[in-house]
Each structure stands twice: as structure tokens, then as C-alpha cells.
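Just so it is clear: chains get the letters A, B, ... in the order the sequence lines come, proteins before strands, and each one is counted from 1.
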Amino acid sequence: MAFLDTTKDAAQKLADNAAAYFEVIYKTTFSFWSLPEIPSGGNILTGAFASLLLYFARFQMSLSTDASFVATLILAMLLYLIFICGILVAFDPHVETKVNNMRRLASVACVGITLGAGFIVLDRVLPWIGTVQRWFEEGPKADLMVASLAAFAAWCVIGINTLYLTLPRFSAFGNGRILVWAALCLGIVVLGVGLVITPNGLFPS
Amino acid sequence: MRSRILIAISSLISLTPTLLFASESEQKFCEDLAARGIAHRAALGERLFYRNETGEPVELARTDKISRDVTVMFYYVHGEDSELGQKSVLNFKFIYKTSKPISRRLEVGLTNNQWPSSRIARIRNDCAGLTIDGYERFHLDNTRSYCLSRHFHQEAPFNTLATVEQRQSFAFQDMLGTQSSGFFDLISNLLISPARAIEPSQLSSTEGTLARSWIWNYEYGTSPTGKCISFKPDFPDSAKSVSIRITNHGVNFFPHARDWSLTFLE
């Protein structure tokens, strides 16, 4: 009986966290300060899903998916998000609770990188990377262009969501703060996806 | 001073394909084989040779021992009459084994004898970090790799990615003898041992030389005694043995492979 109760509690907790996770996904906008409080369980699910797509994006780009290396890359990505989001949030005078908002911004960036990785995985069924690589054959870095385009596509999805969720109240284009954070988010996501599909990630040869 | 060193390094890199394949005259070696009655009109097939200390050609058996001092090897190809003078492609694959098992994180040394020297530095840069894991996936799972699709493989005079069989023939497959670390390993690494994620022993500086794949464009030649293709294996000091697989795509674009498993003499 006690076992059944424990299982029931665990299932309920998982369902709550999953609900929190999907709430984060649906409400992800560039105005991260207005996002609801994210429970730790929701953050874990966001990170787990990001790790999964990061793994498959590297798989699709014929990069090493060696377990120990990818584990290191995911931890490095987490540190990158915490540091970059922490630093950026510190410069916004309108953000009151810095740590909570840093977590929210990291969550938005994480969703962006996950989506970017998702666009790379999408190449499996809808080939687009080969075309981009041919376009930028003489460019400085074809793979960096692939990362930038995937990140831009992810940024557009979040942008559309931002417009959808904020337009009823006010014009996003009339709000300079949202535009500044949108531009910063693009930078964070481009760098993040770039790190995922750079051959050696954070450890260039 | 720094620029001079860079120029010297880039000159060395630009010469790499020449260094790998230029050696004793291939024709002379073939003539020597013919004179000794080894290569003749009836000797169809493909065989691997080297010259011993006394200068005599020695054919390598499928399982054999070889001195580390051998610097040049010859691949003897004798096609059918209908193949004479036609173009084809060979793929040389080398997996050098050390006392440790082969790690999928090893980088693959790539060469294509069509690479123009002016692009070698760019190609080396684009292909840096290509691991055995990624190389295998590109050839077996049809994934993307800018380095492999735009640099290593070629469309003319022979499209090396024309068919699934050709694409797969470039993979190392059973030469590796180890299984890929999968997703469950990743999860266990994340949950159990993130602090031990990188093992320093796996990142030795010699890793880049232990797995190689070369594309060699050649013509069957017009001599009835066959064609000898020379190459420099450049055996690494740390290796105990080497698995060599040479795949000939023939003129019918149907790849067939031959294997050698060689142990180095101490």
C-alpha cells in the first residue's frame, strides 16, 4: 500500500513538473521577466530535453556523440548559459530580482538552443543543411552558417510567440526593452547552437 | 620569424598528398614484378607489396608481419582487358592498433589525391575534429558533414557518393572492433560521473594519426602487366599492428574490398 502511495506521489510530481515545463515552453517570450516562476523540476525537464536534442543535432552533423564528451559539452553549455545570462541581466536596471530573472532568461535561451538543435535534427526528414553548405561553400565557415540559420529560425519561433502573447496588451515593436532583449537572445542562441555543432564544441583543436 | 614558421608548415602541409603517394616509379616496380614473373597477363587480381632490405619485392599475406621501417608500399591492380585505360578510385583505410582499444573519439586523417595544394590548408581546417564516430555515421547513417561531402568525397571524374553501397564502402565498420557509445551511456555519464567526463588518456596527441582514409584516383593503365600504385603508410611509432582495407570501386562502380592484418616486428 505504501509502495502504491509512493508511486502515486512520484507520478503526480512528474505530471506537475511536466505541466510546469510545458507552461514554460508555451509562455517563452523575449520578455522573460513576465514568465511564471519555474520550479526546479521544470528546469530539469527543460535541460533534459535540451540535452536530448543537442545529442541528436550532433549526431545529424556527424560530430562525436561520445558519451563522456557530450556530457562535458552539456555541462559547459549550462555554465555558459548561467554566466552569460547572469552578466546580461545584471546590466538591466529594470530587472529587480536578478537571480530569479537570470533563471528565466537562461530558460528562454535554453528553449532557443533546443529549438535550434531541433531545426538541425529536422534536416533528417526535410533536408536543408546540404543546400546551405553548398551556398556558403566559399564562406568562412559553412557549419557556422548552419548554426546561425538554425538559431535564427528558433529565434523567429520565439519572436512569433512573443508577438502572439504580447500583442493583445501592447506592441512589441513599440517596446524598446523587448527589442533589446530579443537581439541579445539571438546572440546567445547563435553562440549556443554554434557551440553544439562546432566539431569540438568548446574544445577546438 | 613566426611568419616563416607558418610558411614552412603550410608548405609541408601542401606537399602532403605528394609525400603520401610519390615514391619509387610505379612503372619501374611493375616492370620489376613482370621481370620476376609475378605480374603477367594471367595474374588478374589485386595484391599488396613492399621492398625488403635487399630490394626484392615481397607480397604481403592477409595476416603477416612487417617491419616498421617499410616506408613505401605498392598496390598491384590488374583489371580485365575491358578495364584497361579506364578511370577508377581506390579507398585506402588504415586502423592502427595500440595496446589500448580504439576510441571513437580518434580523429580521422583524410587525404584525396585530387586536392589542389592551394586548398590543403583550408581543407585541413574544415576537417579538423572529424572523429571516427562522425566519419562512420556520415557513411552509414547518411548524416551531414561539410568536410566529408565537400572536401573528402568527389563528384568527378568518379562520384564517390553516387550509390548507398559506395557511400557505405568508405566506412571502417568491422575494422574498429568496438561499439559506439550510445545515448544510455550519455545519460549514465551525466547522472553518475560528470566530474570524470574527460579522461586525459583519451586525448593523447598521437590520436590523429591512428585512423586514416585516403581516396586515390587512378587509371587502370594500358599495360597488360597491370598497374602498381605506390603509397607511403607512415606507420606511427605507438602502433602495435595495423588493419588495412583497400576498396577498389572498379569501372562498374561496384566496390570490392581486400583486407590485411599486419603486426609490426619489434
Side-chain angles (χ1 to χ4, degrees), chain A residues 44 47-48 50-79 120-125 127-147 150 197-205, chain B residues 103-108 119 122-152 155 161 171 178-203 205 207-208:
Chain A
I44 289 169
S51 305
L52 189 73
L53 277 173
L54 185 150
Y55 177 90
F56 285 120
R58 285 187 67 81
F59 185 99
Q60 182 59 15
M61 295 301 286
S62 301
L63 297 171
S64 174
T65 49
D66 178 86
S68 60
F69 181 76
V70 176
T72 311
L73 191 67
I74 288 167
L75 287 173
M77 183 68 74
L78 186 67
L79 279 177
I120 289 167
V121 177
L122 191 68
D123 175 69
R124 196 87 188 152
V125 286
W128 64 275
I129 292 175
T131 313
V132 173
Q133 286 177 335
R134 272 191 293 278
W135 280 349
F136 294 97
E137 190 173 0
E138 296 306 321
K141 279 279 176 192
D143 282 348
L144 215 56
M145 288 312 300
V146 171
I197 65 160
T198 309
N200 281 330
L202 296 171
F203 311 99
S205 57
Chain B
S103 162
R104 296 236 170 191
R105 287 180 61 188
L106 286 172
E107 287 186 16
V108 184
R119 287 180 63 83
R122 161 82 198 266
I123 292 167
R124 295 275 180 233
N125 186 42
D126 284 351
C127 292
L130 176 76
T131 59
I132 293 178
D133 219 3
Y135 180 93
E136 289 297 272
R137 222 168 274 138
F138 176 84
H139 291 106
L140 298 174
D141 296 324
N142 207 20
T143 58
R144 303 281 177 187
S145 168
Y146 182 72
C147 159
L148 292 171
S149 59
R150 308 305 297 169
H151 295 314
F152 180 60
E155 290 181 359
L161 294 176
T178 53
Q179 293 301 308
S180 172
S181 54
F183 187 69
F184 292 106
D185 290 337
L186 167 70
I187 298 296
S188 63
N189 266 275
L190 271 175
L191 295 177
I192 298 164
S193 58
R196 293 188 291 115
I198 279 194
E199 293 168 30
S201 60
Q202 291 186 336
L203 296 172
S205 58
E207 279 188 348

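Rounding to the nearest 0.5 Å gives a distance of 6.5 Å between CG of B:Asn142 and CZ of A:Arg124. To the nearest 0.5 angstrom, A:Trp128 atom CH2 is 9.5 Å from B:Arg144 atom CZ. A:Asp143 contributes atom CG, which lies 9.5 Å from atom SG of B:Cys147 (distance to the nearest 0.5 angstrom). Note that CD1 of B:Ile132 and CG of A:Asp66 are 11.0 Å apart. Values are rounded to the nearest 0.5 Å. Once rounded to the nearest 0.5 Å, the distance linking CG of B:Leu130 with OG of A:Ser62 reads 7.5 Å. Distance check, rounded to the nearest 0.5 Å: CZ of B:Phe138 to CD of A:Gln60 gives 11.0 Å.
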Requested in this report: Please test B:Tyr146 against A:Ile129 for side-chain contact (heavy atoms from CB on, under 4.5 Å), starting from the C-alpha separation and ending with a verdict.
Outcome: CA-CA 9 Å; B:Tyr146 182 72; A:Ile129 292 175; over 6 Å; no

**Report entry** Verdict with supporting geometry, B:Ser145 and A:Met61, side-chain contact (heavy atoms from CB on, under 4.5 Å)
**Finding:** CA-CA 6 Å; B:Ser145 168; A:Met61 295 301 286; over 6 Å; no

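No hydrogens or angles considered: a donor-acceptor pair under 3.5 Å links the side chains of A:Thr65 and B:Arg137.
Annotation for B:Thr131 and A:Ser64: closest pair OG1-CB, 3.6 Å, computed over non-hydrogen atoms.
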